[in-house]
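See below for the structure under consideration.
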Amino acid sequence: MKSTVLSGIRATGKLHLGNYLGAVKGMLELQDKDDFQTYYMVADLHTVTTPYEKTTLRGSIRNIIIDYLSAGLDPQKSTLFIQSMVHEHIELSYYFSTVTTVAKMQHVTTFKDKVKQHPEHVTMALLNYPVLMSADILLYKASLVPVGIDQEPHLEIAREVARRMNQEYGTSFPEPRRFATKGEYVPSLSGEGKMSKSVEGSYINLTDSHEEITKKIRSIPTATVAGGELTGGLRSLFSFAELFLPDQVENYRNAFQKGTLKFVELKDAVADAIYHDLESIQEKHRAVEQNISFVDDVIADGAQRARLIASKTLQEVKEKMGMPL
Ligand code: AMP
């Protein structure tokens, strides 16, 4: 029996290096192993839980599919689909909300962060985010979820929902675990917090040119403080060096300790290494973007394949809960 894997990315803009290292790299690794059945979606229902631009949403959703294909996700190996095209996600999340208390949801750290970010937009959909994510995962009975470390609070909820459903209704949901990559936490270029689409100046897009990447990496604040302590910007720079120059990072660290490190040299080496990693993705991106009918087919086929499994799980749940079938 193959284990099932599910992951998704919101359609809030272009993919950035944090999405790539924290999520997509893990998605690729599991797709290429024989013993996993992989489902990767565009989380558009999650996208609308915070303010968004409705005139560009459809294009952004499609772009995530194009980004997935460019990064190497393969529709022959993985089911690539758009979440809202599989209605069962919403329906299962409703049933899951019957075993989830409001108090529990109000304490989820990601919810509290979003309340601070968007105090005018504290909606039921936002509160329900982790319950919908539980439905995303458990519809496919996925036991492994390749996502960044910021998603851990949501996985905790998914495990609790699985336990409660199994106890109350005798379902057989697995308790899903996170599949962590080396880049499970990619820091912001500013040195404060994580790289994030919602923070301007914090990210590198997968489609950024060599010049843009160099400019962004050079802008990481690297002023040193007395005592040789690492500032936020320096910590970010060394994190990138660890991720992209693993064989050389020790030398750079030693040079920093000795006071001989030329920051611009380290920055340019990091920028070159990042671009080197992204170059082939960008080439593929240009080709996939032109192939409109291929992208359409991937989307239609993915929804059909996902529905096949999703409808079965939903029927099982309704049956166990005593709902009419
Ligand atoms: P989101 O854009 O919030 O839908 O995130 C999509 C995926 O990218 C999730 O698996 C996140 O955990 C992951 N992710 C987002 N930002 C970062 C980051 N800075 N470092 C590592 N993973 C990230």
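Both ligands and their constituent atoms are indexed starting at 1 by order of listing. Every value quoted in this text rests on a predicted model; they were computed, and no experiment measured them.
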Proximal atoms of ligand 1 relative to [X] (non-hydrogen, under 4.0 Å):
| X | answer |
| --- | --- |
| V186 | 18 (C), 19 (N), 20 (N), 21 (C) |
| G183 | 21 (C) |
| H16 | 16 (N) |

Study note, to complete from the structure: Tested for side chain to side chain contact (heavy atoms under 4.5 Å, CB included) against D67, the lone hit among V288, L15, N19 is L15

Practice item. Decide yes or no on side-chain contact (heavy atoms from CB on, under 4.5 Å) for T38 and L73, but give the supporting numbers first. Key: CA-CA 10 Å; T38 45; L73 292 183; over 6 Å; no

**Study point:** Distance flag, aromatic centroids of H89 and F96, threshold under 6.0 Å
**Key:**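 No.
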
Check your understanding: Are Y140 and F81 close enough that their ring centres sit under 6.0 Å apart?
Key ->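 Yes; F81 has its ring centre under 6.0 Å from that of Y140.
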
Protein residue, atom and distance nearest to [atom], heavy-atom basis:
| atom | value |
| --- | --- |
| atom 5 (O) of ligand 1 | N19 ND2, 3.6 Å |
| atom 4 (O) of ligand 1 | R10 N, 3.0 Å |
| atom 11 (C) of ligand 1 | D150 OD1, 3.4 Å |
| atom 23 (C) of ligand 1 | G18 O, 3.3 Å |

**Study point:** I149 side chain near R178 side chain, heavy-atom distance below 4.5 Å
**Key:** yes

Exercise for review: Would you name the heavy atoms of V295 and I65 that are closest together and state the gap between them?
Suggested key: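 Heavy atoms only, the tightest pair is CG1-CG2, 4.1 Å.
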
